[in-house]
Amino acid sequence: MDRRRLLKSALYAAPLFTAGRLYAAPAAGPRLLVVFLRGAYDAANILVPVSSDFYYASRPNLAIAKDAALPLDGDWGLHPALKDSLYPLWQQKQIAFIPFAGTDDTSRSHFETQDTIELGQPITGTRNYQSGFLSRTAQVLSGMQPIAFTAQLPLTFRGGAAIPNIALNFAGKPGVNDRNAALIQAMYQGQDLAPAVAQGFAVQSEVYTAISGEMIAANRGAVTTKGFELSAQRIGLLMQDKFNLGFVDVGGWDTHVNQGGADGYLAGRIGELGRGLAALQTALGPAWNDTVVIVVSEFGRTFRENGDRGTDHGHGSVYWVLGGGVKGGRIAGPQVAITQANLFQDRDWPVLTDYRSLIGGVLRRSYGLSQAQLAQIFPQAAPADLALV
């Protein structure tokens with residue numbers, strides 16, 4: 001028995017139960033996986049507006065240089081950390097990027113906007129926290145076998161039938177722990193640089209203390225990018241022939257301080273995410289051709305960098321749609337020039353494609369849903385036909 005079959009045997013040795021129900025293999029049909037980047041990733045440094053002088057003026061420390069960005073078309077480039085993972089999918093026309101995407105929620109609150117997306121309900125009126133949009137999707141579509149790759153059942157799967165969930169959490173560790181910091185400071189003791197080294201570690205500790213609480217809260221228990229990279233094969237194998245409607249959240253994107261540009265913190269996280277998605281493709285094998293992955297985040301980040309060489313809570317973002325049958329290799333949806341005049345409230349990307357319209361359009365094309373069925377999933381939201389699948 002080869003290694004792949006051994007791994008599958010180990011995964012299936014312990015059946016998944018929820019409320020006493022054993023989940024069997026799903027009916028044939030498209031697979032859909034939603035990947036939620038909790039914490040609001042900086043989309044403008046991933047899908048890089050290389051033709052915009054305003055971008056480079058707004059980010060003197062963070063911008064990705066034109067010759068470093070992977071070329072997509074005349075206006076856009078891709079973060080170089082994705083060269084060996086997602087860039088090949090672009091070249092194979094199996095991934096599309098949708099800039100200026102997001103919600104009509106302008107609170108800039110991680111928690112409120114994450115809830116907005118997971119519920120898929122209009123932001124006006126009373127919210128029903130027992131009716132998530134993926135739960136309603138499972139109810140509308142026959143033969144769906146849903147699963148959440150999360151520690152707790154996510155809001156999007158609340159309501160309807162019981163749904164299994166599997167935790168993928170991996171605890172992240174700081175780059176230099178207290179013990180190593182003390183050893184480094186001891187090395188410089190008595191030297192001219194000693195005060196600067198001590199002050200550097202003190203500032204690092206203060207910054208970590210200041211932002212880690214918000215980062216952890218914004219993640220809401222989501223798996224780290226490294227955890228996702230290590231778990232992607234398991235996700236792919238389970239979705240290959242057991243489940244066909246999945247959700248996974250990935251944390252670590254709230255980059256207020258020292259975000260980095262072509263390298264640094266964000267580059268490391270996006271590299272891990274990209275390798276995880278590439279591993280998912282490999283694990284799915286031929287089933288990749290019948291799989292759609294949608295990557296979303298609650299909002300984007302401020303277009304201008306802040307004084308701490310990071311970015312703050314914004315509005316418009318960039319969503320991704322990828323899969324073997326996706327009509328990719330293109331930047332999809334309505335767009336505007338990246339100029340100060342086109343910023344939302346003079347700080348953020350505007351939202352030109354509503355997330356419900358985007359996902360609703362993918363659902364309509366993937367499953368042939370009627371307008372009435374789509375209205376059950378996304379009330380008061382018309383699907384957008386971006387011809388992604």
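Quick note: residue numbers are just sequence positions, from 1.
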For [X] and [Y], test the side chains for any donor-to-acceptor distance below 3.5 angstrom and give the result as yes or no.
X	Y	value
E118	T156	no
N45	H79	no
E229	T225	no
Y355	D104	no
N128	Q121	no
N165	Q152	no
E298	W253	no
Q259	T311	yes

L86 side chain reached by L277 side chain, heavy atoms, under 4.5 Å: yes
How close do [X] and [Y] get, heavy atom to heavy atom, and via which atoms?
X	Y	value
P122	P379	CG-O, 3.6 Å
Q371	P383	OE1-CD, 3.6 Å
A279	A232	CB-CB, 4.0 Å
A69	V50	CB-CG1, 3.9 Å

Determine whether the aromatic ring centres of [X] and [Y] lie less than 6.0 Å apart.
X	Y	result
F54	F303	yes
F149	F247	no
H315	F344	yes

Between CD1 of I147 and CD1 of I235, what distance do you get to the nearest 0.5 Å? 9.0 Å
Using a strict 4.0 Å threshold on nitrogen-to-oxygen distance, state whether [X] and [Y] make a salt bridge.
X	Y	value
D254	R38	no
R365	D385	yes
D42	R59	yes
D263	R269	no

Main chain of G310, side chain of D308: is a donor-acceptor contact present, judged purely on distance under 3.5 Å? no
Can you tell me if R347 uses its side chain to pair, donor with acceptor, with the backbone of H313 under 3.5 Å? yes
Taking everything shown except R158 itself, do over 12 heavy atoms lie less than 6.0 Å from its CZ? yes
Under the side chain to side chain contact (heavy atoms under 4.5 Å, CB included) test, residues paired with A262 that sit two or more places apart: I64, P80
Check the pair S317, R301 against side-chain hydrogen bond (donor to acceptor under 3.5 Å, both in side chains), reporting the backbone distance first and the verdict last. CA-CA 8 Å; S317 185; R301 305 193 73 81; over 6 Å; no
